[in-house]
Each structure stands twice: as C-alpha cells, then as structure tokens.
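When a ligand or atom number is given, it counts from 1 through the structure's own listing order. One is the number of the first residue; the rest follow in order along the sequence.
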Amino acid sequence: LAKGNGKGGWQRYQSDLHTAMMQRLEMRTALHEAIEEEQFVLQFQPIVELVDQRITGVEALVRWQHPAKGLLGPFHFVEAAEESGAIVEIGAWVLVEALRQFTQWKTENPETTLRYVSVNVSARQFRGTDFAAQVRAALTETGARAEWLLLEITESLVLKDADKVLDELKALRAMGVRIAIDDFGTGYSSLSYLRQMPVDVLKLDKSFIDDILHSRQQHALVDAIVTLSHNLDLAVVAEGIEEAGQRAALDAMGCQYGQGYHFARPLWPGDIPALAVQPEPYPVRQQAVV
Ligand code: C2E
Ligand code: MG
Ligand code: MG
Ligand code: MG
C-alpha cells in the first residue's frame, strides 16, 4: 500500500497517479494525431494451406510508424487505443485500407491464390455505431466483394453483449462476410456454444500449438478440437506455427490451415503478390548453382 511506503509515500502515490493520468491523456492525443497524420500502416501475414503451403489468405496487422520511436507493433498501442476509444477510428481505417489493398491485388492478378483478407475487430467497434453498416460502406467504397472479407473477433466479445453482437454477426453473414474466432482457447467459450453462433472459422491460439510436439496431452487436445470443429463445420487455422514438425503434425491431424513464422512473418504489402502465385503442379528442382 502507498501508505506503507514510508515518508512521502502518499505524495508519491498521488504523483504516480497523476503521471499515469497524464500519460493516458498524452497517449490519447498522440493516437488522435497519428490518425490525422496518417501514421498507421498495415503489414500482411500469409495464412497457408498446410498440405502444400500455398497462400490462401492474409491477415492485416496494424503498425504505428511513429515519427520519433520508429515502427511500433500493436503491443505498444492497441490496449491504450481500446481504452481511449481511438481504436474505433483506427479500426475503421484498417478495414478500408485492408480491403482497398486486397481489391488491388485481386484486380491486378486475377490468377492469385489469395481468397480473403482477415481483419481484426475490437469489441469497441461492435459496441459503437452500426458495425454491419460500416462494413457494407467499406465494401462499397473499395469495390471489394463480401466473400473476400474475414472478420476476426474474440471469444470474450461473443460472450459479452451476446444479443447485440449476435444481430450484428447475422447481418454481416447475410451479406456474405465470414467470421473467425481469434485466439481460440484463451477464453472461456466452448465449441458447442460457438456452434450456435454465426461463426465460420476458429483460429487456434499459438499457446495450444507451442507444445504439440513435446506434450502428448497437448497433441491429443488439439487433435480433438480439430476433429470436433470439422464435425461442426468450422474451418481451423492453427496460429503461431514456428517449426516444420508442427506443420506436419497439424497436417496429419487434418488441420487445413496455418499461420506462423515457419511460413512467413508479417510482410509489407509489396512482398505479397509474388508469394501468392499458383505453384507449379510438380515442383521443378532448381539447377544447382555453382
Ligand atoms: P493476433 O490477431 O492473434 O495476430 C497474430 C499475432 O501473432 C501477430 O502479432 C503476429 O505477428 C504474431 N505471430 C504470427 N505468427 C507467429 C509465430 O509463429 N510466432 C510468434 N511468436 N508470433 C507470431 P502482432 O502483429 O504483434 O499483433 C498482435 C495483436 O494485436 C494481434 O493478435 C491482434 O490481437 C492485435 N491487432 C493487430 N492488428 C490489429 C488491428 O488492426 N485491430 C485490432 N483491434 N487489433 C489488432
Ligand atoms: Mg488476429
Ligand atoms: Mg490470432
Ligand atoms: Mg493469437
């Protein structure tokens, strides 16, 4: 307790509180300026078919190109953006920018293996204005097709505010937009509960994947989730695959999709089109370079 901190503890406590409040205020202002100065940028991480590592989709991941601190990942600002409400504006930008970029890839190369772009949605975006209407407007503005969009939401969002969220999800699905549960396994929802929700894809959290090669129990658990998901007509994406052995194990379980550093890190938009080309029907062995 602050009181027990000896002489001046209380004052220090008060000034810490003040500092924290000032920092929050500064952060809010900074985030607001960042939106106006267009300092947010997107990277895209491939999502692949485990059987042949072909890119099937990309996840849009936001970064802050900070004028003084350099490129900042979401860890540095997403929580603060959620608390201050700035995430609503940032999220709206992410949605349009991801769809704009994806539409460009699809139009410039109709042969691309890319089928969808995945966009993270924060609970605040659902709670505010009519989210389904916002998505519809973003699709119209960018010329993107609804089938190209996969929205990633979290278990906690589905569990809270269930009725309002359910209506929004149904409206989105009726438009042809698909819904994924992100970080599945870190929350408290069950698969049978999720099946009653309008959800198409489960993204199995990295913490479930980490130990599958070293823990028989973890392997069995993931195997069971994959089987049950498929029986419930849910597609599964395994997150955070870092080793070839994990890819092989998940493929053997019948898990169809994966994402992780083993395949690719989040990349700048310019690097995506070259990866998303139809692979040769039979791998052509490269001539040895001497
Ligand atoms: P997420 O949606 O679960 O995204 C996956 C995160 O795991 C990304 O981190 C990605 O770089 C990282 N990752 C992917 N493969 C691997 C791997 O093999 N090993 C490891 N160690 N990490 C891997 P990132 O880009 O730092 O994003 C962190 C989180 O920030 C995201 O987790 C998501 O919850 C949030 N986020 C990112 N972009 C947005 C956004 O536009 N809006 C909202 N609301 N949240 C976002
Ligand atoms: Mg995600
Ligand atoms: Mg995730
Ligand atoms: Mg995750």
message: Name the residue from Val165, Ile179, Leu166 that meets the side chain to side chain contact (heavy atoms under 4.5 Å, CB included) definition with Pro198.
response: Leu166
field: Smallest separation among heavy atoms of Met175 and Ala132, with atom names
entry: SD-O, 4.0 Å
- request: With the side chain counted from C-beta on, respond yes when Ile225 and Phe184 share a heavy-atom pair under 4.5 Å apart, and no when they do not.
  value: yes
field: For ligand 1, the portion of Ile241 having any non-hydrogen atom under 4.0 Å away
entry: backbone
Test item: Asn231 and Thr227 side chains (from C-beta on) under 4.5 Å apart, heavy atoms: yes
- prompt: Considering only heavy atoms from C-beta outward, does the side chain of Gln101 approach that of Val58 to under 4.5 Å?
  reply: no
task: Give a yes or no answer on whether the side chain of Thr142 reaches the backbone of Val96 with a donor-acceptor pair at less than 3.5 Å.
output: no
statement: Here the atoms of ligand 1 under 4.0 Å from any heavy atom belonging to Gln45 are 10 (C), 14 (C), 15 (N)
- prompt: With atoms numbered from 1 as shown, which atoms in ligand 1 lie under 4.0 angstrom from a non-hydrogen atom of Ser122?
  reply: 44 (N)
- prompt: Okay, side chain of Lys106, backbone of Ala144: is any donor-acceptor separation there less than 3.5 Å?
  reply: no
query: Hey, looking at atom 23 (C) of ligand 1, which of Tyr261, Phe77, Trp93 has the closest heavy atom?
result: Tyr261
task: Considering the heavy atoms of Arg63, write down every atom of ligand 1 situated less than 4.0 Å from one of them.
output: 25 (O)
message: Which heavy atom of Leu42 sits nearest to which heavy atom of Pro269, and what is that distance?
response: O-CD, 3.7 Å
task: Evaluate the criterion ring pair (Phe, Tyr, Trp, His ring centres under 6.0 Å) for residue pair Phe40 and Trp64; output intermediate values, then yes/no.
output: CA-CA 5 Å; Phe40 289 103; Trp64 181 0; 5.8 Å; yes
task: Can you establish whether the number of heavy atoms outside His32 located under 6.0 Å from its atom NE2 is more than 12?
output: no
- request: Taking the side chain as every heavy atom from C-beta outward, state whether Arg247 and Phe263 have any atom pair closer than 4.5 Å.
  value: yes
message: List ligand 1 atoms under 4.0 Å from Glu242, heavy atoms only on the residue side.
response: 17 (C), 18 (O), 19 (N), 20 (C), 21 (N)
Ala60, Pro46, Gly91, Pro74: member with heavy atom nearest to atom 28 (C) of ligand 1: Pro74
message: If you measure every N or O of Gln125 against every N or O of ligand 1, does any of those distances drop under 3.5 Å?
response: no
query: Which ligand 1 atoms, with their elements, are less than 4.0 angstrom from a heavy-atom of Pro266?
result: 11 (O)
message: Would His262 count as a polar contact of ligand 1, with the cut-off being nitrogen or oxygen pairs under 3.5 Å?
response: no
Interfacing atoms of ligand 1 (cut-off 4.0 Å, heavy-atom, Gly240): 16 (C), 17 (C), 18 (O)
field: Asp182 contact mode with ligand 1 (heavy-atom cut-off under 4.0 Å)
entry: side chain
message: Under 2.8 Å from the Mg ion (ligand 2), which protein N, O or S atoms do you find? Ignore water molecules.
response: Glu59 OE2, Asn120 OD1, Glu152 OE1, Asp182 OD2
- prompt: Is the shortest N/O to N/O distance between Val62 and ligand 1 below 3.5 Å?
  reply: yes
query: Looking at side-chain heavy atoms only, is the closest gap between Glu59 and Lys203 below 4.5 Å?
result: yes
query: Is there a nitrogen or oxygen of Glu59 sitting under 3.5 Å from a nitrogen or oxygen of ligand 1?
result: yes
field: Sole residue of Tyr116, Phe102, Trp105 in ring-ring contact (aromatic ring centres under 6.0 Å, His included) with Phe44
entry: Trp105
- prompt: Looking only at heavy atoms of Gln43, does any of them come nearer than 4.0 Å to an atom of ligand 1?
  reply: no
- line: Numbered in order shown, the ligand 1 atoms found under 4.0 Å of a heavy atom of Glu239 are 3 (O)
message: Between Asp16 and Arg12 (salt bridge meaning N to carboxylate O under 4.0 Å), is one present in this structure?
response: no
query: Short N/O distance, under 3.5 Å, between Glu82 and ligand 1?
result: no
